[in-house]
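All residue numbers in this chain count up from 1 along the given sequence. Remember, it's 1-based here, ligands and their atoms both numbered in the order they're listed.
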Amino acid sequence: MSRIKVEGLAFSYRRGTEELFGGLSWEFAPGALTAITGPSGRGKSTLLYVIGLMLRPSAGAVLLDGRDVTHLSDARRARVRASSIGFVFQDAVLDPTRTILDSVCEPALYRGDRRRSVERHGRELLDQLGVGTRVEHRPGQISGGQAQRVAIARALMNDPAVILADEPTGNLDEENTALVLGSLRAAARDDACVLIATHDKDVLAQADEVLAL
Ligand code: ADP
Ligand code: ADP
């Protein structure tokens, strides 16, 4: 369980260029779905990268459970990222040579979990997301919307304390949007802190909190 706090956060891609989210302070609670919204170019994606420890802020700090993770070494930040953070990007990138089930299970097998329980969990997640009948298929044999749901299953595989999703429903119809939101909601029920950058009205309507940039 992780509570994320940002304090006085700002970011510029280059010195002297526009400062994004100018001094943002906010607390993201475990168990909650927070939608991050605002016009294109306002910095929604960038905020996810900063909270996801892929970019360092130019001002302010990111605190995970009260611990400032802004000024840790790159190696330590990478470790925190690997152990606690799951990313869902807008466009799913799956290994074309692996089956769906292998792609989903890989993060858990990599950290040494037992194959039998990993595969059980992988199948559960894929069922939940409506792609349970596709486990033996490869990415070339499924639709873009299905690939997106597989990528979400993969991001949820290791039960990350923090889930960062960038327009996860951007290319999905209503039915698939509901499945994706259901899975993110289930992760939040397990006390994950879920942040979703989105314009999607369905997502905004179902969020517990909305942060407008
Ligand atoms: P949003 O997700 O709200 O559309 P982004 O975080 O993608 O906003 O981008 C915020 C601003 O930063 C935009 O003006 C964008 O052009 C700029 N930007 C994004 N990525 C980079 C980058 N890698 N280098 C320079 N500028 C960038
Ligand atoms: P989104 O609309 O999903 O936020 P974009 O299509 O704006 O994303 O950006 C796609 C990629 O291009 C991202 O990796 C982003 O960091 C990069 N990017 C966006 N704007 C710029 C920019 N002005 N300069 C350099 N890279 C950018």
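Closest to atom 2 (O) of ligand 1 by heavy atom, among Ser45, Ser12, Gly41, is Ser45. Ranked by closest heavy atom to atom 6 (O) of ligand 1, the top entry among Leu48, Thr46, Thr17, Ile36 is Thr46. Distances from atom 22 (C) of ligand 1 to the heavy atoms of Tyr13, Phe21, Tyr49 show the closest one on Tyr13.
At a heavy-atom distance under 4.0 Å, only backbone atoms of Pro39 (N, CA, C or O) approach ligand 1.
Minimum heavy-atom separation, Ala155 to Phe87: CB-O, 3.4 Å. Across every non-hydrogen atom of Gln141 and Arg134, the tightest pair is O-NH1, 3.8 Å.
Each of the following atoms of ligand 1 lies closer than 4.0 Å to a heavy atom of Arg42: 3 (O), 8 (O). Under a 4.0 Å criterion applied to the non-hydrogen atoms of Gly43, ligand 1 contributes the atoms 1 (P), 3 (O), 5 (P), 6 (O), 8 (O), 10 (C). Short contacts between ligand 1 and Lys44, defined as distances under 4.0 Å to a heavy atom of the residue, involve ligand atoms 1 (P), 2 (O), 3 (O), 4 (O), 6 (O), 8 (O).
Of the possible polar contacts, none joining the Arg98 side chain to the Pro139 backbone as a donor-acceptor pair under 3.5 Å is found. Between the side chain of Asp208 and the backbone N or O of Leu33 there is at least one donor-acceptor pair closer than 3.5 Å.
A side-chain contact (heavy atoms from CB on, under 4.5 Å) with Gln148 is found for exactly one of Val131, Asn171, Val88, namely Val88.
Inspection of the Thr169 and Asp200 side chains reveals an N or O donor paired with an N or O acceptor under 3.5 Å.
Of the polar atoms of Arg14, none of the N or O atoms is found under 3.5 Å from an N or O of ligand 1, judged by distance alone.
Considering only heavy atoms from C-beta on, Val104 stays 4.5 Å or farther from His121 through its side chain.
Remark: distances from the non-hydrogen atoms of Ser40 to ligand 1 include one below 4.0 Å. The closest approach between a heavy atom of Ala197 and any atom of ligand 1 is not below 4.0 Å.
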